[in-house]
Amino acid sequence: MTPPPSAHLRPGASDASIPIVELRGVTKSFGAVAALKGIDFVVRPGEVVGLVGDNGAGKSTLMKIVVGALSPDEGEILVDGSRVHFTNTKDSRKRGIEMLFQDLALCDDLDVAVNFFLGRAPTQFGLVRVRRMHALVRKQLEELGIRLPTTTLPVRFLSGGQRQSLAIARAASLKPRVLILDEPTAALGVQQSRAVLELVKNVRATRTAVVFISHRLRDVLDVCDRIVVLYEGRQVANLRSADTSLEEVVTYIVSDPDAARPAAGAASE
């Protein structure tokens, strides 16, 4: 869809595919505070969309609306071109939308395989098929390029990057159509971050769309196809990663949207 007048989309940033998720004119207020002001947002199959902005820009509020944790005051949500109304996260999950929060929701005292299949372990005659569960986990981790010492290791012994990779793999195993990642590399070192970014690329290769929320802009530029910038509840930029720069993205993040725009080729549609 065409971005709002205040947004800038690089030529060629969109494609002809029907969006999996589309938000139109979404607003949300908390008392006198307007958290979102007429946001348009699109996610297409096999696309990684970076969502960036300063603290309080509206990123978390926007994604909570996408997953049904909040309802918009105005505007509409469309899935596959049809309008939907989510009353809770179960509604969005039924439509293939998953969000992985920063806390990862892993159980430290349980092993890798149990965490992976938490609440949905393969059973037979009411008993968990332990060997099959571990075999399935090893297969799915291998398919995503994740290397862990063993699936019998308690999660508390995993590194930060390994924990993040496990949580992403678990979410991806649910076969979501859209996977929202909230600051997936925030607490990781360089090597661990690279491993997580490669995992995101592997998830994208399955045609799963990914929304990548992060303050680490170099990671965003590395893994994302497009970058959407929010400023004080407004979408102020919709940039194709290949055609922008770290400096330009930072300018949009910190500048008043009514101020002069960078002249580095940005053009509104």
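Quick caveat, the model's predicted, so the values are computed rather than measured. Residue numbers run from 1 in the order of the sequence given.
Between Asp73 and Lys28 there is a salt bridge, with a side-chain nitrogen of the basic residue lying less than 4.0 Å from a carboxylate oxygen of the acidic one.
Under a 3.5 Å cut-off, the side chain of Asn88 and the backbone N or O of Asp91 do form a donor-acceptor pair. Judged purely by atom type and a 3.5 angstrom limit, Gln164 uses its side chain to pair as donor or acceptor with the backbone of Pro184. No donor-acceptor pair under 3.5 Å is formed between the side chain of Thr208 and the backbone N or O of Arg204.
Closest of all the heavy-atom pairs between Pro154 and Asp109 is CB-O, 4.4 Å. Listed here is the closest heavy atom pair of Leu110 and Leu118: CD1-CD1, 4.0 Å. Of all heavy-atom pairs spanning Lys59 and Leu230, the tightest one is N-CD1, 3.7 Å. Pairing each heavy atom of Val220 with each of Ser214, the nearest pair is CG2-CB, 3.8 Å. Leu141 and Ala169 make their closest contact through CD2-CB, 3.8 Å (heavy atoms, listed as atom of the first residue, atom of the second, distance).
Looking at heavy atoms from C-beta onward, Asp182 lies out of side-chain contact with Met63 at the 4.5 angstrom threshold. Side chains of Ile146 and Ile168 form no contact here, defined as non-hydrogen atoms less than 4.5 Å apart. No side-chain heavy atom of Phe41 sits less than 4.5 Å from a side-chain heavy atom of Val26. Using a 4.5 Å heavy-atom cutoff, the side chains of Val210 and Lys201 are not in contact. Within the 4.5 Å cutoff, no side-chain heavy atoms of Met99 are placed close to those of Thr89. No side-chain heavy atom of Leu153 sits less than 4.5 Å from a side-chain heavy atom of Leu148.
Within a 6.0 Å radius of NZ in Lys175, other residues, nucleotides and ligands contribute 12 heavy atoms or fewer. Surrounding CD of Glu142 are at most 12 heavy atoms belonging to other residues, nucleotides or ligands under 6.0 Å away. The number of heavy-atom neighbours closer than 6.0 Å to CD of Glu76, taken from other residues, nucleotides and ligands shown, is above 12.
Between the side chains of Asp219 and Thr185, at least one donor N or O lies within less than 3.5 Å of an accepting N or O.
Among pairs with a residue in residues 118-135, those fulfilling side chain to side chain donor-acceptor pair (under 3.5 Å) read Arg120-Ser173, His134-Thr151, at least two apart in sequence or across chains.
Val114 and Leu127 fall into different hydrophobic clusters, defined by Ile, Leu, Val, Met, Phe, Trp and Tyr side-chain heavy atoms under 4.5 Å apart, directly or through other members.
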